[in-house]
Enquirer: 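For reference, the structure I am asking about is given below.
Every number for a ligand or one of its atoms is a count from 1 in the order of the listing.
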Amino acid sequence: MISPSEEGEGNSKRKWSLQDFEIGKPLGKGKFGRVYLAREVKSKYIVALKIIFKEQLEKYRIHHQLRREMEIQTSLRHPNILRLYGWFHDSERIFLILEYAYGGELYNELRKHGHFSEEQAATYIASLTTALAYCHEKHVIHRDIKPENLLLDHEGRLKIADFGWSVQSRSKRHTMCGTLDYLAPEMVENKAHDYAVDNWTLGILCYEFLYGAPPFESESQSDTFKRIMKVDLSFPSSPNVSMEARNLISRLLVKDSSKRLSLQKIMEHPWIIKNANPTGTCKK
Ligand SMILES: Nc1ncnc2c1ncn2[C@@H]1O[C@H](COP(=O)(O)OP(=O)(O)OP(=O)(O)O)[C@@H](O)[C@H]1O
């Protein structure tokens with residue numbers, strides 16, 4: 001079966017419309033739209049159709065952001081990045097034709113189990129690392145990697161979704177964005193930042209995957225802020241978390257962004273080598 005994109009390159013040759021799809025059950029609701037399971041009539045290919053109301057985009061003045069998100073996501077081809085096959089619109093709505101992630105949000109898995117095993121956590125971190133290396137090669141910094149933006153396919157393979165906050169750039173950035181818990185010190189302080197912000201986030205996620213909560217979580221935003229700035233990191237005693245895992249986390253949560261472990265070094269780290277499943281799949 002061919003995917004909608006293989007019929008024509010992106011949106012340039014193939015013009016999609018609502019008639020090309022049978023709409024199925026709702027998959028979820030976001031801030032700006034709803035997502036439905038859908039099937040392309042001709043190929044019977046299953047996709048997720050995200051519907052965004054133009055009125056909402058105008059109200060929140062995010063049409064430029066969405067356009068950027070769509071352009072970035074259509075240009076990326078990686079097994080751990082959710083495909084955006086194309087888009088179309090009518091007078092009121094914009095429709096995004098997305099790869100369907102059968103396993104839903106990684107966040108739900110994490111909440112259901114409390115934390116992941118070392119094998120699962122390492123597999124997700126390795127998947128994220130290869131996907132980010134690919135993004136960085138293309139000069140894309142994601143900047144909003146958090147469990148809610150990570151989906152799972154039918155084999156438990158991680159897919160990065162939601163490029164709303166990502167930027168395509170060769171220079172250091174200054175914009176403030178994202179949820180505080182996952183932000184690197186240079187972003188909290190609004191200093192210039194570069195690709196190493198994603199490496200910090202990998203450290204945060206690795207901690208959260210293994211312990212069930214992000215490391216600097218606090219009662220208030222200002223306390224989280226202070227803890228990030230101090231890199232106030234502690235490891236609760238847990239029989240499930242090895243010394244090697246803690247070593248990797250400590251080498252990513254480093255204030256000086258130039259001293260953080262590189263993506264290549266993450267892939268060579270003993271904890272990843274020992275625990276990550278090379279197929280990238282995780283059976284529950
Ligand atoms: N491609 C997909 N495959 C399966 N489920 C999806 C897919 N995309 C979204 N979903 C589900 O639909 C829900 C809403 O997605 P959506 O992207 O609109 O919300 P969001 O991630 O909260 O983003 P935003 O904050 O930008 O609105 C998600 O929580 C997810 O469970």
Enquirer: Does a donor on one side chain sit under 3.5 Å from an acceptor on the other, for E155 and Y102?
Expert: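 Judged by distance alone, the side chains do not pair up.
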Enquirer: Are the side chains of D20 and K42 in touch, meaning some heavy atoms are under 4.5 Å apart?
Expert: no
Enquirer: Looking only at non-hydrogen atoms, which of E105, E99, K159 approaches atom 31 (O) of ligand 1 most closely?
Expert: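 Ranked by closest heavy atom to atom 31 (O) of ligand 1, first place is E105.
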Enquirer: Test ring pair (Phe, Tyr, Trp, His ring centres under 6.0 Å) on W16 and F95; report intermediate values, then the result.
Expert: CA-CA 9 Å; W16 297 103; F95 301 85; over 10 Å; no
Enquirer: I'd like to know if E22 pairs up with R39 as an ion pair, taking the criterion as any Lys NZ or Arg NE/NH1/NH2 lying under 4.0 Å from an Asp or Glu carboxylate oxygen.
Expert: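 R39 and E22: salt-bridged.
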Enquirer: Show me which atoms of ligand 1 lie under 4.0 Å from any heavy atom of L82.
Expert: 1 (N)
Enquirer: In terms of atom number and element, which parts of ligand 1 are under 4.0 angstrom from non-hydrogen atoms of A48?
Expert: 1 (N), 2 (C), 3 (N)
Enquirer: Using distance alone, decide if ligand 1 has a nitrogen or oxygen within less than 3.5 Å of any nitrogen or oxygen in K29.
Expert: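 In this structure, K29 places no N or O atom under 3.5 Å from an N or O of ligand 1.
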Enquirer: Judged on heavy-atom distance to atom 22 (O) of ligand 1, which of G28, G33, G30 sits nearest?
Expert: G30
Enquirer: Is any NZ, NE, NH1 or NH2 atom of the basic residue among E109 and K112 found under 4.0 Å from an Asp or Glu carboxylate oxygen of the other?
Expert: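 So E109 pairs with K112 through a salt bridge.
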Enquirer: Show the atoms of ligand 1 that are less than 4.0 angstrom away from any heavy atom in Y100.
Expert: 3 (N), 4 (C)
Enquirer: Which pair of heavy atoms, one from I272 and one from A122, lies closest together, and at what distance?
Expert: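 For I272 versus A122, the nearest heavy atoms are CD1-O, 3.8 Å.
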Enquirer: Heavy atoms only: which of L151, L98, L66, L152 is nearest to atom 7 (C) of ligand 1?
Expert: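 Among L151, L98, L66, L152, the closest heavy atom to atom 7 (C) of ligand 1 belongs to L151.
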Enquirer: Check whether any N or O atom of K50, backbone or side chain, sits under 3.5 Å from an N or O atom of ligand 1, and answer yes or no.
Expert: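 Yes.
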Enquirer: Answer with yes or no whether the side chains of Q221 and T224 bring together a donor and an acceptor at under 3.5 Å.
Expert: no
Enquirer: Name the option, out of I52, V35, L27, that contains the heavy atom nearest to atom 15 (O) of ligand 1.
Expert: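 Considering heavy atoms of I52, V35, L27, the nearest to atom 15 (O) of ligand 1 sits in V35.
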Enquirer: Look at atom 25 (O) of ligand 1 and say which protein heavy atom is nearest, naming residue and atom and giving the distance to 0.1 Å.
Expert: K31 NZ, 3.2 Å
Enquirer: With only distance considered, is A101 within less than 3.5 Å of ligand 1 through an N or O on each side?
Expert: yes
Enquirer: Please list the nearest protein heavy atom to atom 21 (O) of ligand 1 with its residue and the distance rounded to 0.1 Å.
Expert: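 Sorting protein heavy atoms by distance from atom 21 (O) of ligand 1 puts D162 OD2, 3.6 Å first.
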Enquirer: Strictly below 4.0 Å, N to O, side chains only: are R67 and E71 in salt-bridge contact?
Expert: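 A salt bridge is present here (some side-chain N lies under 4.0 Å from a carboxylate O).
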